[in-house]
Peer 1: 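Let me begin by handing over the structure; questions about it come next.
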Amino acid sequence: MNEIERGRGVALWNQISGILAADILKGQLRQGEQLPSAQELAARFNVNRHTVRRAIAALEQRNLVRTEQGRGTFVQEHTLDYPISRRTRFTQNMRNLNVEADIEILEDAREIPPPQVAQSLCLDRHEYTYRIETLSRADGHIVDYSTAYFPAARFSGLPAVYRRLLSVTRTLNEFGVTDYERKHTRVSARLPDANTSRLMKQPANRPVLYVQSINADTRGLPVQYGITRFSGDWVQLVLMADN
């Protein structure tokens with residue numbers, strides 16, 4: 001059915017949502033394909049744009065489409081299962097998922113960290129850290145925006161090494177940390193702040209998966225404190241039960 005029927009007791013927005021859902025499930029609208037604009041859909045079904053927006057919202061609730069600020073509405077692709085384990089490594093995770101990944105460095109700085117970060121890294125409140133901000137992509141889609149802190153005294157000059165290697169694991173290895181494990185992970189859902197929303201191109205009213213983590217070397221000394229904001233549209237976190 002491609003036309004809506006008035007006066008049959010089913011809301012127009014519900015009929016439109018059903019027609020578009022059928023198009024998606026039959027593959028007539030493919031994964032990643034952009035839907036027609038609200039104005040075009042309103043003209044197609046001879047309804048107002050408010051009715052179309054309600055239909056789109058229903059599709060979003062079913063996770064069939066996603067809306068990107070300033071771009072439009074797209075058919076939702078399959079999410080990536082991102083393992084969180086004792087040895088969580090972004091590059092290795094992407095390789096295991098057989099997707100093309102890249103990391104963009106947004107900023108790095110040497111600074112006194114917030115008290116929570118200093119405490120997590122076992123630093124005195126006047127000790128410096130290196131803060132590195134990055135965006136990670138998989139197959140061209142932004143999957144996370146991360147903030148990582150490293151003890152500056154222990155890893156002097158770390159940002160330059162990281163810019164050359166674009167890998168936390170290989171960077172720490174250059175400083176003699178041949179292995180490290182996840183000591184602590186805390187996952188929550190939060191609404192993105194304005195900066196996160198802008199960088200991740202995500203609506204401000206859609207939560208991100210907010211992951212706080214601490215990595216420690218084989219002696220148990222913290223080497224990295226991280227805050228990673230994952231896009232819930234692209235990533236499903238899988239907590240692994242390691243031995």
Side-chain angles (χ1 to χ4, degrees), residues 24 27 29-35 59-60 62-108 131-149 159 162-173 180-182 185-193 195-213 215 224-240 242:
I24 292 170
L29 288 170
R30 299 181 301 276
Q31 291 187 34
E33 183 176 347
Q34 185 171 7
L35 269 65
L59 292 173
E60 287 188 277
R62 295 175 60 183
N63 201 33
L64 292 175
V65 302
R66 56 183 171 80
T67 300
E68 297 184 10
Q69 282 182 313
R71 294 193 61 205
T73 302
F74 300 81
V75 178
Q76 180 64 63
E77 293 92 338
H78 295 306
T79 56
L80 299 173
D81 285 343
Y82 190 95
I84 301 291
S85 64
R86 285 171 58 190
R87 287 181 171 82
T88 298
R89 311 288 192 260
F90 173 79
T91 302
Q92 186 61 51
N93 279 348
M94 295 299 102
R95 187 179 298 122
N96 292 342
L97 293 168
N98 196 31
V99 297
E100 184 177 340
D102 67 89
I103 297 173
E104 176 187 354
I105 299 175
L106 302 174
E107 181 184 13
D108 65 70
R131 173 178 54 82
I132 299 180
E133 308 267 344
T134 59
L135 275 181
S136 298
R137 296 179 176 85
D139 287 342
H141 300 293
I142 296 172
V143 294
D144 74 61
Y145 160 44
S146 296
T147 306
Y149 294 88
Y162 182 80
R163 284 185 176 274
R164 173 166 52 87
L165 298 176
L166 290 178
S167 164
V168 171
T169 300
R170 288 188 290 164
T171 295
L172 291 177
N173 188 64
Y180 62 92
E181 292 184 354
R182 183 64 57 92
T185 301
R186 175 176 293 158
V187 181
S188 59
R190 301 187 182 185
L191 290 176
D193 57 27
N195 187 53
T196 299
S197 178
R198 176 182 61 83
L199 289 171
M200 298 186 70
K201 297 180 173 59
Q202 177 154 326
N205 61 354
R206 183 172 301 169
V208 297
L209 300 174
Y210 191 90
V211 179
Q212 297 166 280
S213 61
N215 286 320
Q224 177 191 14
Y225 178 91
I227 300 170
T228 305
R229 309 148 189 91
F230 286 99
S231 169
D233 289 336
W234 294 105
V235 176
Q236 179 173 275
L237 300 180
V238 181
L239 303 181
M240 309 296 288
D242 293 289

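As the structure is a computational prediction, the values presented were derived from the model and not from experiment.
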Peer 1: Would you sort out whether Phe74 and Glu68 count as a side-chain contact (heavy atoms from CB on, under 4.5 Å), showing the intermediate values?
Peer 2: CA-CA 8 Å; Phe74 300 81; Glu68 297 184 10; 4.2 Å; yes

Peer 1: Could you grab the distance from atom OG of Ser146 to atom CD1 of Ile132, nearest 0.5 Å is fine?
Peer 2: 11.0 Å

Peer 1: Regarding Thr73 and Thr67, is there a side-chain donor-to-acceptor distance under 3.5 Å anywhere?
Peer 2: yes

Peer 1: Step by step, would you call Val168 with Tyr180 a side-chain contact (heavy atoms from CB on, under 4.5 Å)?
Peer 2: CA-CA 10 Å; Val168 171; Tyr180 62 92; 3.8 Å; yes

Peer 1: Could you check Thr134 against Leu106 for side-chain contact (heavy atoms from CB on, under 4.5 Å), going step by step and ending with a plain yes or no?
Peer 2: CA-CA 5 Å; Thr134 59; Leu106 302 174; 5.8 Å; no

Peer 1: Give the intermediate values and the outcome of side-chain contact (heavy atoms from CB on, under 4.5 Å) for residues Leu64 and Val75.
Peer 2: CA-CA 6 Å; Leu64 292 175; Val75 178; over 6 Å; no

Peer 1: What are the two closest heavy atoms between Pro192 and Ala204, and how far apart are they?
Peer 2: CD-O, 3.7 Å

Peer 1: Distance from Ile105 atom CD1 to Leu135 atom CG, nearest 0.5 Å?
Peer 2: 11.0 Å

Peer 1: Start with the C-alpha distance between Glu60 and Arg62, add both sets of side-chain angles, then the distance that settles salt bridge (charged side-chain N to carboxylate O under 4.0 Å, His left out), and finish with yes or no.
Peer 2: CA-CA 5 Å; Glu60 287 188 277; Arg62 295 175 60 183; over 6 Å; no

Peer 1: Who are the ring pair (Phe, Tyr, Trp, His ring centres under 6.0 Å) partners of Tyr225, not counting sequence neighbours?
Peer 2: none

Peer 1: Output the distance between atom OH (Tyr82) and atom OG (Ser136), rounded to the nearest 0.5 Å.
Peer 2: 7.5 Å

Peer 1: Which residues satisfy the salt bridge (charged side-chain N to carboxylate O under 4.0 Å, His left out) test with Arg182, sequence neighbours excluded?
Peer 2: none

Peer 1: Taking all non-hydrogen atoms of both residues into account, name the closest pair between Pro203 and Ser197 and its distance.
Peer 2: C-OG, 3.9 Å

Peer 1: Give a yes or no on whether the backbone of Pro207 and the side-chain of Gln202 come within a donor-acceptor separation of less than 3.5 Å.
Peer 2: yes

Peer 1: Quick check for you: to the nearest 0.5 Å, what is the distance between Thr171 atom OG1 and Arg163 atom CZ?
Peer 2: 11.5 Å

Peer 1: Counting distance only, does the side-chain N/O of Gln34 pair as donor-acceptor with the main-chain N or O of Arg71 below 3.5 Å?
Peer 2: yes

Peer 1: With sequence neighbours excluded, what pairs up with Arg190 under the side chain to side chain contact (heavy atoms under 4.5 Å, CB included) test?
Peer 2: Ser188, Tyr210, Gln212

Peer 1: Verify the distance criterion only: is there a donor paired with an acceptor across the side chains of Thr147 and Arg229 at less than 3.5 Å?
Peer 2: yes

Peer 1: If we ignore angles and hydrogens, is there a donor and acceptor under 3.5 Å between the side chains of Asp108 and Tyr162?
Peer 2: no

Peer 1: Restricting to salt bridge (charged side-chain N to carboxylate O under 4.0 Å, His left out), what partner residues turn up for Asp144, sequence neighbours left out?
Peer 2: none

Peer 1: How many angstroms lie between OG in Ser231 and CZ in Arg66, if you round to the nearest 0.5 Å?
Peer 2: 8.5 Å

Peer 1: To check you understand the geometry: which heavy-atom pair defines the closest contact between Met200 and Phe230, and what is its length?
Peer 2: CE-C, 3.9 Å

Peer 1: Can you list everything that forms a side chain to side chain contact (heavy atoms under 4.5 Å, CB included) with Ser167? Sequence neighbours excluded, please.
Peer 2: Thr169, Arg170

Peer 1: Could I get the full list of side chain to side chain contact (heavy atoms under 4.5 Å, CB included) partners for Glu181, not counting sequence neighbours?
Peer 2: Arg86, Arg87

Peer 1: Quick check for you: to the nearest 0.5 Å, what is the distance between Leu172 atom CG and Asn215 atom CG?
Peer 2: 8.5 Å

